[in-house]
Each structure stands twice: as structure tokens, then as C-alpha cells.
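What follows is a set of notes on a single structure, which appears directly below.
Counting convention: from 1, in listed order, for ligands and their atoms alike.
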Amino acid sequence: MLVLGIESTAHTASVGIVDERAAVRALASDMYKPPAGGIHPREAANHHVDWLPELVDRALREAQVAPGEIGAVAFAQGPGLGPCLRAGATVARALSLAWNLPLVPVNHCVAHIEIARVLSGLDDPLLLYASGGNTQVIAYARGRYRVLGETIDIGVGNFLDKLWIGLGGAFPGGPAIEAAARQGKVIHPLPYSVHGMDVAFSGLLTASLALHHQGVPTEDLAYSVETTAYSMLTEVTERALAHHKRSAVVLGGGVACNLRLQAMVRTMVEARGGTMYAPPRRLCVDNGAMIAWTGLMALPFGGAVPIEASTVQPRQRTDLVPSPWRGPSVG
Ligand code: AMP
Ligand code: MG
């Protein structure tokens, strides 16, 4: 069976088509880029409304399939920005009605872990989910994915974007900071904010901007910021691994594309005798294929819902949605 999945939680509009073996038969995406400053939910939603029909067409052409060959339509129900989620959900409902197909709501964070899990072949990994709006360490236990640790203020990507914009740059900040950090030489001390398995970034943002105003070169600042922020993420991931007796880690989210973060987590995991896996960039960032794949797994477990029950859930917590396809777990 083929499932078409729609992603629209934040700035990325994306349509993916996957089959039962998790082969990505098509993936068509377009990212809303704010002209200045951060993401404006309404403008991002307008972008998605404009793009999604074209992306659906593109995906069908790329997969070389007709609508009649699709078995279900999945969409990201949450968490995310309300207007953006509604754009994707509306397109999904329209396709489900027009093509007479089951409609499957999917939790966006669960989709990140499920695509990484199937690509890696790892059975029960922990997910370090590091994106613009989300920063969480997640593992499966007793019927659902549980958030073991998370940011208590802003997402790590959001922190990098805000910092870069504060330094006079443009969104997205993460890749620009990564490039600058490669030229950095000096590590300046910055607030290191780990609370058990939780992290915080707003103090780090204030202190980083203060260093900038004191004249610290951008390259050294970027190097210091990456060292501090990614050490924090590596530490909480290690603590979660130790407490929850896991050995494998998969990565997800835009910030997880960062090579330095990947290297730090890999070093930590391998020192513990475990395995680390990061999906290729197009499946690590927000994408419709992960939504399609998770929808495909949920479908035989009563995953389809009537239109009336397909309301978007901007604050949907990972630990609120059951993941029955994972089966029993002792964890
Ligand atoms: P997402 O929210 O998963 O769509 O990812 C977007 C976020 O990832 C933005 O905050 C970007 O700044 C960040 N990002 C993308 N590429 C990188 C990178 N190479 N290093 C660090 N952050 C990145
Ligand atoms: Mg994401």
C-alpha cells in the first residue's frame, strides 16, 4: 500500500509518498522563509495554502502513481503553529473526501522518531529531537512515546535563529552559526543550563548577545555557542540513556543536521558501546514522508478518523498519543 503524507507544522510544506517497506517513492517540499525576523504563523500558513496543491501534484508525478493507487492520506495533527497545521489538515481532508481514502492524523514528533527508527533498523532507540520549536529526548514505554527531557524555554533552533538575527544575520541561524563556528578558535564561557534531563537556552541567548556587544569575534562566539548548547544536549541524552537503559540514539529535526552535534552525540553513544544514527538531511528535517510512514503504521491499529475528529492539535504532547503499532514494552 502507498500512503500520502502531508507536513505543515511550521515553515515547511511537504508531501511524501511511502510504501510498506518505508521506501520513499516521492518527496516534494517547499520552505517558507520570512523576509525578515522570525516566522509569522499566518504568512507561513498562506505559503502552505499556495504550495500544497502543487506539492501534491509533484509528489504524484515523482512517484508515477495515480490517486487511485494511494491507500490513505496522513497529516501532521500537531504540535505546531495553528494556522500552518490547519492548512495541511484542510488539504488532507479534501484529498480524503475526493479520493475516498482513510484520513490518518499523525503526531509530528512521533513521525521524526519512526522514520529514523525504520531507516536505522534500530528497534528501540531514544530520539534526540532538536529542531526550531522543539527540543526533546523521547523514548517508547508502555504504549506510547514519553518525553524524558526537554527545553523549559525555547527550542535550540529557535535560540540559534534568534542569536543569528541578533548578530545582524537572517533566518535560519543554525547553518550560518555552523559555518562561522568552523573558523572559531577560542571557547568563551557561557551559561550551561541543564536541570536533570531538561535544558534551557534563554540565559545562553542573553549571555551570547552580551559577548557579541563586548566585541567577541562572531566565529569564536559561534564556536563557543555550539560547544555549550550541544554539550548540554549530549549530556541530557546520555542521562536519559543511562536511566532508561537504552543503548541506541537516533536524531531528528533541523538542528540534528549539525555535524558537530552529530559528532558529539556519536562520541558519547559509542563510548557507551551503543549506536547513533542520523537520517539523511531531507528526512531529518520536517518532511511529508515521515508523516506518511507513521500514518501507514497507525492505519491497521485504528489510526483512521472521521473528518469531525481530525481537528488539529497545536499543543499535542508526544506522550498524549498512543503508538499501538509498537506493541508491548517493559520499559
Ligand atoms: P525544523 O524546525 O526541524 O524545520 O528545523 C529548522 C531549524 O533547524 C532552524 O532553527 C535552523 O536554524 C536549524 N538548523 C538547520 N540546519 C542546521 C545546522 N546545520 N546546524 C544547526 N541548526 C540548523
Ligand atoms: Mg520537526
Return a yes/no value for T12: is any of its N or O atoms, backbone included, closer than 3.5 angstrom to an N or O of ligand 1?
-> no

Salt bridge flag under 4.0 Å for residues R317 and E150 = yes

Which of Y32, W51, F171 passes ring-ring contact (aromatic ring centres under 6.0 Å, His included) with H11? It is F171

Should one rank G173, A256, C257, G254 by closest heavy-atom distance to atom 3 (O) of ligand 1, which comes out on top?
-> G254

Measuring from the heavy atoms of F159, does anything fall under 4.0 Å of ligand 1?
-> no

For atom 4 (O) of ligand 1, what's the nearest protein heavy atom and its distance?
-> H11 CE1, 3.2 Å

Among the N, O or S atoms of D286, the one nearest the Mg ion (ligand 2) = OD1

Below 3.5 angstrom, do we get any N/O pair linking G132 and ligand 1?
-> yes

Of P175, S131, A176, the one whose closest heavy atom lies nearest atom 1 (P) of ligand 1 is S131

Six-ring centre of Y230, R260 cation under 6.0 angstrom, axis tolerance 45° | no

Protein contact of atom 22 (N) of ligand 1 - nearest heavy atom, named by residue and atom, plus distance | G174 CA, 3.2 Å

Would you say V156 and L261 make side-chain contact, with heavy atoms under 4.5 Å?
-> no

Close approach, R281 and ligand 1, non-hydrogen under 4.0 angstrom | yes

If you measure only the distance, is there a donor-acceptor pair under 3.5 Å linking the side chains of E7 and T9?
-> yes

Where ligand 1 meets G253 - atom numbers and elements under 4.0 angstrom, heavy-atom basis | 3 (O)

heavy-atom search around atom 12 (O) of ligand 1 in the protein gives D161 OD1, 2.7 Å

Following the transitive rule for hydrophobic clusters with a side-chain heavy-atom cut-off under 4.5 Å over Ile, Leu, Val, Met, Phe, Trp and Tyr, establish whether V194 and V255 coincide in one cluster.
-> yes

G157 heavy atoms within 4.0 Å reach ligand 1 at atoms 10 (O)

For Y230, the ligand 1 atoms whose distance to one of its heavy atoms is below 4.0 Å | 21 (C)

Does an N or O anywhere in N258 fall below 3.5 Å from an N or O of ligand 1?
-> yes

Specify whether an N/O/S atom of C109 falls short of 2.8 Å from the Mg ion (ligand 2).
-> no

Identity and distance of the protein heavy atom lying nearest atom 19 (N) of ligand 1 | E178 OE1, 2.8 Å

Please determine, by modelled atom types, if H48 and D30 share a side-chain donor-acceptor pair under 3.5 angstrom.
-> no

Answer with yes or no whether the hydrophobic clustering places V118 together with V24; edges join I, L, V, M, F, W, Y residues whose side-chain heavy atoms lie under 4.5 Å apart.
-> yes

Specify the protein heavy atom at minimum distance from atom 13 (C) of ligand 1: its residue, its atom name, and the distance to 0.1 Å.
-> V255 CG2, 3.8 Å

Can you see which heavy atom on A116 is nearest to which on P279, and at what distance?
-> CB-CG, 3.9 Å

Taking the Mg ion (ligand 2) as the vertex, how big is the angle to OH in Y129 and NE2 in H108, rounded to 10°?
-> 80°

Are T294 and W325 side-chain neighbours, meaning at least one heavy-atom pair lies under 4.5 Å?
-> yes

Would you check the N or O atoms of P172, main chain and side chain alike, for any that come under 3.5 Å of an N or O of ligand 1?
-> no

Side-chain touch I115/V18, heavy atoms, less than 4.5 angstrom | no

Taking only non-hydrogen atoms of D286 and a 4.0 Å limit, the atoms of ligand 1 in range are 3 (O), 4 (O)

Plane angle bin for Y129 and H112 - parallel if under 30°, tilted between 30 and 60°, otherwise perpendicular = tilted

